[in-house]
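Step one of this worksheet: look at the structure below.
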Number of protein chains: 2
Amino acid sequence: MSETNVTIRDVARRAGVSVATVSRVVSGKGHVREATRARVNAAVQELGYRPSRMARSFRAQRSNFVGLLISDIENPFHTSLARAIEDQLYARGYSLLLCNTDEVLERERTYLQFLADERAAGVICAPASEKETSFHPVLAAGIPVVCVDRVALCTPVDSVRVNNVAAMRALTRHLLNRGHRRIGFVGLDTVITSGRERFEAYAQTLRSVGIEPDMNIIRLGKGVEAFGFQATLALFETPTPPTALITANNMLTLGALKALQKLGARIPEDVALAAFDVTPWLSLLTPRFVVAAQPIRQIAEIAVQMLMERLGGNTQPPREVLLDATLITDEALRAFGAEAETVPLNATLKIQRG
Amino acid sequence: MSETNVTIRDVARRAGVSVATVSRVVSGKGHVREATRARVNAAVQELGYRPSRMARSFRAQRSNFVGLLISDIENPFHTSLARAIEDQLYARGYSLLLCNTDEVLERERTYLQFLADERAAGVICAPASEKETSFHPVLAAGIPVVCVDRVALCTPVDSVRVNNVAAMRALTRHLLNRGHRRIGFVGLDTVITSGRERFEAYAQTLRSVGIEPDMNIIRLGKGVEAFGFQATLALFETPTPPTALITANNMLTLGALKALQKLGARIPEDVALAAFDVTPWLSLLTPRFVVAAQPIRQIAEIAVQMLMERLGGNTQPPREVLLDATLITDEALRAFGAEAETVPLNATLKIQRG
DNA sequence: CAATTCGTTGATAACGATTACACTTCTTGG
DNA sequence: CCAAGAAGTGTAATCGTTATCAACGAATTG
């Protein structure tokens with residue numbers, strides 16, 4: 001029965017054929033006479049033979065793992081992304097190696113080098129820095145890379161992300177339309193693509209209606225709950241606090257909400273809020289605010305699709321895919337499931353890039 | 001510089017030594033003259049040589065991956081667990097292969113077989129069924145297994161989990177102490193360890209005060225939001241609905257909260273709630289209720305520790321470790337961060353098992 | 001009918017590292 | 001000063017699989 005250490009040689013001996021023939025039968029390549037095939041299959045059954053994937057990978061100089069580099073799986077956006085990617089990979093016979101970088105370049109570099117040494121099949125990465133992240137080690141090893149959520153400027157590769165500019169413009173306009181002139185911003189560091197794009201869209205939208213962004217009510221930092229909390233508290237300690245607030249990702253939103261709760265500020269009566277990202281618990285909250293929802297499963301699908309095309313030998317120049325976010329108003333959010341009455345933004349862009 | 005495909009042979013040629021010597025220098029084993037070592041290191045630098053981890057794994061017949069089998073990474077408990085385990089493994093030079101089973105035995109089996117074929121270094125698993133999950137394929141391949149959160153009865157291995165019985169007894173007693181006699185229960189299927197233990201503790205605690213559990217206000221099923229939602233709605237459609245409710249994990253709690261919101265039931269005024277698991281957003285909610293918090297990082301630490309001991313050659317009989325949950329009252333939860341004023345339960349148990 | 005192609009199979013060489021073994025050369029204690 | 005052990009190094013086997021090549025008989029074709 002299925003004991004350990006049964007190799008192709010054992011099967012060959014049992015079936016009275018050469019290892020080459022067993023390989024042909026098992027891998028289904030090449031011609032083998034029906035009678036021989038049956039003998040080999042019988043031997044495989046009897047011995048409980050299973051080919052060593054490690055030996056196969058070694059022989060092929062390519063493993064079946066795809067490395068996923070994200071800052072932190074505990075960020076719900078990354079959680080959903082990881083889940084969706086894992087599903088996609090599983091369906092294609094690959095498996096997922098989870099790498100949390102915590103936005104630490106050193107750890108990111110270590111993991112990239114590791115994946116190169118390990119001859120990963122591919123890498124899906126949300127780079128910790130647009131400028132400092134280099135995929136050189138993996139690319140030099142011939143491993144394809146796809147960026148998600150962010151891009152790396154030094155080594156251009158395929159990338160998929162949400163149209164941050166359109167989404168943030170919509171969030172900002174939403175607050176402007178409600179009459180707010182003093183809108184605070186708690187965002188991500190601009191070395192991160194999503195941080196830069198979201199902040200710039202916010203600033204540009206304000207300027208487009210004649211408002212100069214005020215650095216007193218803008219805080220950029222790590223996309224974690226603690227920063228969102230502290231930054232929000234700080235914003236409201238200024239002489240002229242904002243009447244509205246924008247948070248640039250779900251962890252920042254979480255921190256901001258806790259800060260506002262601590263300050264006793266009601267949303268939207270005292271402070272209006274517009275936030276990036278959706279979480280399953282949003283509809284349970286008393287505060288009401290607009291959110292921009294990212295098409296996470298679609299990002300995952302396209303990322304994996306692109307990776308597979310590269311593995312299939314595609315050598316076209318890298319593509320950059322932008323997907324639309326969906327604006328969910330506070331009324332829609334109230335509806336159970338938070339998936340009703342969504343408002344699409346503008347059309348999907350696909351930009352060719354040198 | 002660091003080109004691809006630089007093998008140990010290239011380094012050997014460059015340094016004018018044999019591959020064995022290069023191996024000795026690079027892996028740091030065996031004696032090499034200082035001058036030779038320097039020459040080899042120079043060649044390594046010049047060529048940008050990095051040993052192929054794949055070849056190493058193949059040679060050693062053991063990879064550096066640890067498979068983590070959980071039902072769904074989107075369950076926040078699993079998310080935190082995965083994160084904590086990844087940290088532990090990273091510190092020890094291993095990496096994490098993420099496997100979502102969705103509680104589907106077929107998918108679990110597929111992954112276990114895959115990990116066996118891949119010669120994983122180890123497996124950490126929350127089995128989808130106490131009775132039907134078999135680690136035979138991995139164990140036969142000599143791969144150590146540690147169970148977390150749940151146990152597998154057919155193939156006993158090391159396991160770590162929270163003391164479900166003590167925690168659920170405390171939750172139930174809490175509601176009883178507040179005068180509730182009719183306490184509903186939305187829990188997990190009893191083929192899952194945590195489902196069975198939590199339900200039994202609930203039932204036993206009720207009986208201990210002379211209350212016979214009423215199946216009309218008990219629902220057991222998949223630990224997902226949708227089930228929590230539907231089950232809760234169903235409970236309150238009965239002729240004599242409960243005055244209090246217990247939910248057995250965080251996804252069920254999420255669903256239950258949405259259901260109660262839909263029903264317009266205030267917590268705790270209309271319905272009291274006691275729940276298993278903590279989530280970061282709990283303190284933002286208007287509803288107030290008690291929760292049992294699991295020591296997730298500790299579970300991860302012990303699980304990885306046990307795995308490492310097995311990898312180190314430990315052949316003692318499997319150990320079963322139970323850790324204490326922490327009861328967090330609604331008042332404590334109000335405090336920011338939800339980590340103040342915790343109430344420890346009873347002492348840690350360690351049970352030897354045949 | 002000769003020439004070619006195809007189907008079938010086995011022997012063998014990789015893939016890139018580690019390591020047991022053998023063979024020098026040093027040390028060093030007696 | 002010699003024997004014995006240690007240090008330093010190379011050769012070759014090995015891990016399990018797949019791919020290349022050659023060999024041979026059967027079938028096809030001009």
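In what follows, chains carry the letters A, B, and so on, assigned in the order in which the sequence lines appear, proteins first and then strands, with residues in each chain numbered from 1. Basis for what follows: all heavy atoms, side chains included, without hydrogens, waters or symmetry-related copies.
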B:V26 near the nucleic acid: base, sugar-phosphate alone, or nothing, with a heavy-atom cut-off under 4.0 Å?
nothing
Could you state the CZ-C1' distance from A:R13 to C:dG10, rounded to the nearest angstrom?
15 Å
Starting from P on C:dT18, measure out to NE2 on B:H31 and report it in whole angstrom.
17 Å
Checking D:dT17, C:dG16, D:dG10 against the side chain of B:V17 (C-beta onward), the nearest is D:dG10
Starting the side chain at C-beta, find the nucleotide from D:dG16, D:dT18, C:dT18 nearest to A:T7.
D:dG16
Which whole-number value in Å describes the distance from A:N5 CG to D:dC15 P?
10 Å
Given 3.5 Å as the limit, does a donor-acceptor pair link the side chain of B:S159 with the main chain of B:V148, or not?
no
For B:R119 and D:dC15, what is the distance between atoms CZ and P respectively, to the nearest whole Å?
13 Å
Whole-Å gap separating C1' (D:dG16) and CZ (B:F58)
4 Å
So what does A:T36 touch, heavy atoms closer than 4.0 Å: a base, only the sugar-phosphate, or nothing?
sugar-phosphate
Nearest whole Å is fine: how far is D:dG16 P from B:D117 CG?
14 Å
Taking A:R119's backbone N and O only, do any of them form a donor-acceptor pair with A:S63's side chain (distance below 3.5 Å, no angle check)?
yes
Separation of C:dA17 P from B:R62 CZ (nearest whole Å):
21 Å
For B:S23, which contact category applies under a 4.0 Å heavy-atom criterion: base, sugar-phosphate, or nothing?
base
Which atom names give the shortest non-hydrogen contact between B:V22 and B:V17, and what distance separates them?
CG2-CG2, 3.8 Å
Is it true that the NZ or CZ of A:R14 lies under 6.0 Å from the centre of A:Y49's six-membered ring and within 45 degrees of the ring axis?
no
D:dA7, OP1 or OP2 - any side-chain N/O from B:R33 closer than 4.0 Å?
no
Under the 3.5 Å rule, do the base of C:dA14 and the side chain of A:R59 count as making a donor-acceptor pair?
yes
Output yes when a side-chain donor or acceptor of B:D158 lies under 3.5 Å from a complementary backbone atom of B:R319, and no otherwise.
yes
Between A:A20 and B:T21, just flag the one whose closest nucleotide in DNA chain D comes earlier from the 5' side.
B:T21
From NZ of B:K29 over to C1' of D:dG8, roughly how many Å is that when rounded to an integer?
18 Å
Per nearest nucleotide of DNA chain D, the residue lying toward the 5' end, B:S18 or A:P51, is B:S18
Return the 5'-most residue of the pair B:R50, A:R24 with respect to DNA chain C, ranking by each residue's nearest nucleotide.
A:R24
Nearest of D:dT18, C:dG16, C:dT9 to any side-chain atom of B:S52?
C:dG16
